[in-house]
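Take a look at the structure below.
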Amino acid sequence: MDVKTAFVLLLSENILILLLLIFHRRSNTEPAVSFHLRSQAFTTLSMVFIILRLVSNLWIFPFLNSVFLLAGSYFEALALLSLADALDGRSRRLYGTLLGVSIFLFALSFILFPRPFVRVIVFAFCNTVILVHPAVKVLKAKDPSPLRLLLGALFILMMAGFVIRIIDAIRLGPALEPLGSSFGELAAVASLSAYAILGGVGIILLAKEKTDRQLLRMYKYDRHTKVLNRDGFIADLEERLEKANYHNFSFAVALCDIDKLDQINEARGHETGDAVILHAATRLDEAVEKGGFVGRMGGDDFMVYQAVENEASVRVFAKTLLEAVKSDRPEGVEYALNIGVVWFEYPAGRKLEFPQIYSYCASALGQARRRAQRDGVAGGMEIVAY
């Protein structure tokens with residue numbers, strides 16, 4: 001297959017993918033898909049100019065081909081940053097500047113150097129600079145999915161093709177024939193082909209994966225405090241109950257509320273009360289050890305799950321929660337927690353369900369409140385073993 005035929009096929013692939021993206025965009029509001037659509041449009045136009053330069057000697061065709069490919073890389077970089085949750089106004093300005101500088105450098109090389117190998121080096125280098133950081137961002141995302149890793153690796157491979165093209169252009173020098181049959185040119189074509197086929201599909205699937213994660217977060221997490229909501233906590237707790245029943249490891253569940261929150265609301269206003277609730281949720285979430293989790297049951301009620309080893313570790317767990325809210329309080333508000341902790345030492349063979357556990361914790365919390373009132377202190381703690 002000659003180069004002309006390869007690029008005609010590549011143009012056909014890009015047009016098909018562009019049409020699919022246009023139809024898909026109607027039902028998808030994820031910014032990454034919009035950026036990728038623009039990238040695909042610029043890339044498709046660049047393919048048109050590649051074919052035109054193969055059949056004509058006009059200087060404008062290779063120039064426009066490269067400029068449109070650089071613009072496509074710019075929008076692809078924005079798509080990748082959006083998928084990595086790393087796109088903001090500063091990033092857009094930075095990459096807009098990178099695009100402008102890249103076009104300027106390429107235009108300068110086009111004017112100053114009649115031999116094509118210099119502008120091939122400049123173009124491939126600029127493309128790599130634009131895409132390398134977003135690709136790394138996708139790879140380094142927290143808890144990356146296999147799809148995210150595959151897409152990041154695909155972009156790294158595409159840039160490897162550009163690097164090979166740079167090395168080949170340096171090796172051949174003035175003897176380089178752009179879009180010819182040298183190893184570097186073939187590597188660049190292969191990279192663009194792989195990206196045209198797999199990149200678009202990968203970005204759409206990754207955008208859907210991101211949307212699914214957002215929907216799951218909306219379902220499972222409390223919007224104000226960012227900890228699990230009631231349904232999310234119950235779902236995670238039921239999963240832990242099955243494991244505890246099978247493996248017979250002990251655990252503790254604490255029910256907490258903010259002591260005299262009504263008085264804080266009356267004296268300082270509900271905005272301060274909301275700040276106290278957010279502070280308590282944040283501090284409790286930071287206090288749990290690995291494997292533990294916090295859920296907001298509603299209002300100022302929180303539940304905390306933690307695997308424990310023995311009675312001493314249960315007391316450490318309860319005391320840690322009690323002490324957690326005593327630092328970095330919002331607006332200097334002095335407040336404390338009431339905590340009812342229930343310890344299940346031997347859960348195997350026992351049918352434990354959330355309503356039962358919540359009832360035990362609520363009973364322990366009531367005892368903690370009464371003890372605090374009797375002793376005249378802010379906040380109390382009660383530990384019960386079942």
Taking ring pair (Phe, Tyr, Trp, His ring centres under 6.0 Å) as the cut-off, I'd like each qualifying pair that reaches into residues 73-98, sequence neighbours left out, listed once.
F42-F75
With ILVMFWY side chains joined below 4.5 Å, transitively, what does L157's cluster contain besides itself?
none
Extract all donor-acceptor atom pairs below 3.5 Å that involve side chains of residues 270-279 and protein atoms in other chains or at least two apart in sequence.
{"unit_1": "T272", "atom_1": "OG1", "unit_2": "R268", "atom_2": "O", "d": "3.2"}
{"unit_1": "H279", "atom_1": "ND1", "unit_2": "Y335", "atom_2": "OH", "d": "2.6"}
{"unit_1": "H279", "atom_1": "NE2", "unit_2": "S327", "atom_2": "O", "d": "2.9"}
{"unit_1": "H279", "atom_1": "NE2", "unit_2": "D328", "atom_2": "O", "d": "3.0"}

State, to 0.1 Å, how close F117 and P174 come at their nearest heavy-atom pair, and which atoms those are.
CD2-N, 3.6 Å
Side-chain heavy atoms of I357 within contact of L241, under 4.5 Å
yes
Give the minimum heavy-atom separation between N338 and G379, together with the two atoms involved.
OD1-CA, 3.3 Å
Can you check whether F63 reaches F49 side chain to side chain, under 4.5 Å on heavy atoms?
no
Assess whether side chain to side chain contact (heavy atoms under 4.5 Å, CB included) is satisfied between D236 and K220, documenting all intermediate values.
CA-CA 10 Å; D236 284 8; K220 287 191 67 173; 2.8 Å; yes
Does any non-hydrogen side-chain atom of F155 lie less than 4.5 Å from one of V138?
no
L228 side chain near M303 side chain, heavy-atom distance below 4.5 Å:
no
Do L87 and P31 have side-chain heavy atoms sitting under 4.5 Å apart?
no
Taken in chain and number order and not counting sequence neighbours, the residues that satisfy side chain to side chain contact (heavy atoms under 4.5 Å, CB included) with E334 are R329
Short side-chain to backbone donor-acceptor contact, D257 and D301, under 3.5 Å
no
For residues 243-256, please give each side-chain donor-acceptor pair under 3.5 Å, one per line with the distance, not counting sequence neighbours.
{"unit_1": "N245", "atom_1": "OD1", "unit_2": "G349", "atom_2": "N", "d": "2.7"}
{"unit_1": "N248", "atom_1": "OD1", "unit_2": "A348", "atom_2": "N", "d": "3.0"}
{"unit_1": "S250", "atom_1": "OG", "unit_2": "V308", "atom_2": "O", "d": "2.6"}

S39 side chain vs F35 backbone, donor-acceptor pair below 3.5 Å:
no
Which pairs pass ring pair (Phe, Tyr, Trp, His ring centres under 6.0 Å) with one or both residues in residues 204-223, sequence neighbours excluded?
none
Applying ring-ring contact (aromatic ring centres under 6.0 Å, His included) to Y346 and not counting sequence neighbours gives none
Side chain to side chain contact (heavy atoms under 4.5 Å, CB included) involving F125 - partner list, sequence neighbours excluded
V129, I166
Is there a donor-acceptor contact under 3.5 Å from the side chain of S359 to the main chain of P355?
no
How are the rings of F110 and W59 set to each other: parallel, tilted or perpendicular (split at 30° and 60°)?
tilted
A side-chain contact here means heavy atoms from C-beta on lying under 4.5 Å apart; do L337 and L284 qualify?
yes
Who passes side chain to side chain contact (heavy atoms under 4.5 Å, CB included) against V101, sequence neighbours left out?
T97, L105
Under a single-linkage definition using a 4.5 Å side-chain heavy-atom cutoff for Ile, Leu, Val, Met, Phe, Trp and Tyr, are V314 and V316 assigned to the same hydrophobic cluster?
no
Worked check of salt bridge (Lys or Arg N to Asp or Glu O under 4.0 Å) between R171 and D168
CA-CA 5 Å; R171 179 180 65 85; D168 198 52; 2.6 Å; yes
Name all residues meeting the ring-ring contact (aromatic ring centres under 6.0 Å, His included) criterion together with Y360; count only those two or more places apart in sequence or in a different chain, and write none if there are none.
Y386
Would you indicate whether the side-chain heavy atoms of Q367 and R371 approach each other to under 4.5 Å?
no
Determine, stepwise, if the pair L80 / K137 fulfils side chain to side chain contact (heavy atoms under 4.5 Å, CB included).
CA-CA 8 Å; L80 292 173; K137 276 284 187 184; over 6 Å; no
Which atom pairs, donor and acceptor, lie under 3.5 Å between side-chain atoms of residues 286-295 and protein residues at least two apart or in another chain?
{"unit_1": "E286", "atom_1": "OE1", "unit_2": "R283", "atom_2": "NH1", "d": "2.9"}

Do the side chain of S82 and the main chain of L78 share a donor and acceptor less than 3.5 angstrom apart?
no
Would you confirm whether D300, through its side chain, and I258, through its main-chain N or O, come within 3.5 Å as a donor-acceptor pair?
yes
Going by heavy atoms in the side chains, are L352 and F344 under 4.5 Å from each other?
yes
Taken in chain and number order and not counting sequence neighbours, the residues that satisfy side chain to side chain contact (heavy atoms under 4.5 Å, CB included) with E311 are R315, W343
